[in-house]
Amino acid sequence: MLIGRFLVGTGIGIGPPVASLYLAEVSPASLRGTYGSFIQIATCLGLMGALFIGIPVREIAGWWRICFWVSTVPAGILAFAMIFCAESPHWLYKKGRSAEAEAEFERLLGGSHVKYAMLELSKLDRGDEADTVKLSELLRGRHFRVVYIGSTLFALQQLSGINAVFYFSSSVFKSARVPSDVANALIGVANLTGSIVAMLLMDKLGRKLLLLWSFFGMTMSMVLQVAAANSYVSGSGSLYLSVGGMLMFVLTFALGAGPVPGLLLPEIFLNRIRAKAMAFCMSVHWVINFFVGLLFLRLLEQLGPQLLYSIFASVCMMAVIFVKKNVMETKGKSLQEIEIALLPPE
């Protein structure tokens, strides 16, 4: 069991950043945000599917084994289907395989767009030294700013309290006498609804605007949670505020703070450092995720819900300010245009 959990965890750790990076490199600039949002929607559908499949686990002995067997199906489909997917032209060009990059561009974009796409790629350094990028290069010098933006976005995403809300949601709904299955369904529907809206708006409103309103909505949701924890609010009023604030938090998170960082980071990282910078930022993401899960209940007991939710609200408001000051809009721009705009002088 432990070995299996380790292998699954390794796959989950590798999968999301590679999927985000791959989609960013193979998608047309005008649809990159929409396609990137499918990762968040797929995650929501996977969570809801897992909840649905797990319903009989309390009634049928050994049903948990069926759940594990079922989970091999999407993994197998993904492994098989990737055989037929195009290789990233950006990666091929970086490796000096220009002819193969042209062939993949033709497969992805059509023959009429190949010449322009290759011209855009030729404006950048091929990155022959990409394999020698060191961690120290990401943490200082000309690459520091974009890595700082990426890692801070992921840190703020996790410190906003989203996982704490998921961990604590069952207790809140239980106090409101909402059955656990219904509670999970409500959280899943809120998450899925926000993700679908984000997909529709990502290439219309842009990443930055969605991030700003998402973190602001999460701040207001946490304010409702703080109000619900106030002793002056009546019992029924407290329950309504708590449940409503929790659903609103999940919905607004899915509108921007959930899907945008994973999409934005491959866009703003220079071609030469993109893979290793993504790996570094995802490491920040999972480390903070681990500590939030480890410490949340202890902090809740020692600080109380009102103070803890106030801290989460403050973090969300800090995220609004950070995004306003540091994040550039990438909507409709090719990866080459973004790289040229962000590339600092030598």
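Keep in mind the model is a prediction, meaning the values are calculated, not measured. This chain uses plain numbering: 1 for the first residue, then up along the sequence.
Applying the ring pair (Phe, Tyr, Trp, His ring centres under 6.0 Å) definition to pairs two or more places apart or across chains, those involving residues 48-68 are Trp64-Phe68. For residues 295-308, no pair satisfies salt bridge (Lys or Arg N to Asp or Glu O under 4.0 Å), with sequence neighbours left out. Legend: salt bridge (Lys or Arg N to Asp or Glu O under 4.0 Å) pairs involving residues 70-91, not counting sequence neighbours: none detected. Evaluation of the salt bridge (Lys or Arg N to Asp or Glu O under 4.0 Å) test over residues 18-29, restricted to residues two or more places apart or in two chains, returns Glu25-Arg274. Applying the salt bridge (Lys or Arg N to Asp or Glu O under 4.0 Å) test to residues at least two apart or on different chains, the pairs with a partner in residues 26-41 are Arg32-Glu267.
In this structure, the side chain of Asn326 does not engage the main chain of Ile149 through any donor-acceptor pair within 3.5 Å. Put simply, the side chain of Ser160 gets close to the backbone of Gln157: a donor and an acceptor are under 3.5 Å apart. Side-chain atoms of Lys331 come within 3.5 Å of backbone N or O of Lys204 as a donor-acceptor pair.
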List the atom pairs, with distances to 0.1 Å, where a side-chain N or O of residues 10-21 and a protein N or O form a donor-acceptor pair under 3.5 Å, not counting sequence neighbours.
residue: Thr10; atom: OG1; partner: Phe6; partner atom: O; Å: 2.8
residue: Ser20; atom: OG; partner: Pro16; partner atom: O; Å: 3.1
residue: Ser20; atom: OG; partner: Gly262; partner atom: O; Å: 3.3

Distance-only donor-acceptor hits, side chain of residues 208-223, under 3.5 Å, sequence neighbours excluded:
residue: Lys208; atom: NZ; partner: Lys324; partner atom: O; Å: 3.2
residue: Lys208; atom: NZ; partner: Val327; partner atom: O; Å: 3.0
residue: Ser214; atom: OG; partner: Thr252; partner atom: O; Å: 2.5
residue: Ser214; atom: OG; partner: Gly256; partner atom: N; Å: 3.4
residue: Ser214; atom: OG; partner: Ala257; partner atom: N; Å: 2.9
residue: Thr219; atom: OG1; partner: Phe215; partner atom: O; Å: 2.8
residue: Thr219; atom: OG1; partner: Met317; partner atom: N; Å: 3.4
residue: Ser221; atom: OG; partner: Gly217; partner atom: O; Å: 2.8
residue: Ser221; atom: OG; partner: Phe249; partner atom: N; Å: 3.3

For residues 279-287, which side-chain donor-acceptor pairs fall under 3.5 Å, sequence neighbours excluded?
residue: Ser283; atom: OG; partner: Ala279; partner atom: O; Å: 2.8
residue: His285; atom: NE2; partner: Gln158; partner atom: NE2; Å: 3.1

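Using a 4.5 Å heavy-atom threshold, the side chains of Phe269 and Lys276 count as separate.
Hydrophobic clustering (side-chain heavy atoms under 4.5 Å, transitive across Ile, Leu, Val, Met, Phe, Trp, Tyr) keeps Met199 apart from Leu205. Follow the hydrophobic side-chain contacts under 4.5 Å out from Leu303 and you reach Val292 in the same cluster. Taken together through direct or relayed side-chain contacts under 4.5 Å among Ile, Leu, Val, Met, Phe, Trp and Tyr, Met278 and Ile288 form part of one hydrophobic cluster. A chain of hydrophobic side-chain contacts below 4.5 Å, direct or via other Ile, Leu, Val, Met, Phe, Trp or Tyr residues, connects Leu200 to Tyr35. Side-chain heavy atoms closer than 4.5 Å link hydrophobic residues (I, L, V, M, F, W, Y) into clusters, and following such links, even through other members, never connects Ile321 to Met328.
In terms of the salt bridge (Lys or Arg N to Asp or Glu O under 4.0 Å) criterion, Arg145 has no residue partners (sequence neighbours excluded). In this view, Phe144 and Tyr148 satisfy the ring pair (Phe, Tyr, Trp, His ring centres under 6.0 Å) rule, not counting sequence neighbours. Judged as a salt bridge (Lys or Arg N to Asp or Glu O under 4.0 Å), and not counting sequence neighbours, Glu106 has no contacts. Applying the side chain to side chain donor-acceptor pair (under 3.5 Å) criterion to Glu100, with sequence neighbours excluded, gives Arg97.
Smallest separation of non-hydrogen atoms from Ala227 and Leu241: CB-CD1, 4.0 Å. Here the closest heavy-atom approach between residue Val147 and residue Ala277 is recorded as CG2-CB, 4.2 Å. Minimum heavy-atom separation, Pro89 to Ala101: O-CB, 3.6 Å. Closest approach of Gln225 to Gly245, counting heavy atoms only: NE2-C, 3.9 Å. What you find for Glu104 and Ala86 is that their closest heavy atoms are OE1-CB, 3.2 Å. When all heavy atoms of Ser195 and Gln40 are compared, the closest pair comes out as OG-CG, 3.1 Å.
More than 12 heavy atoms of other residues, nucleotides or ligands sit less than 6.0 Å from atom CD1 of Ile83. Other residues, nucleotides and ligands contribute more than 12 heavy atoms inside 6.0 Å of the CD1 atom of Ile60.
How far CG of Leu31 is from OG of Ser37: 11.0 Å, rounded to the nearest 0.5 Å.
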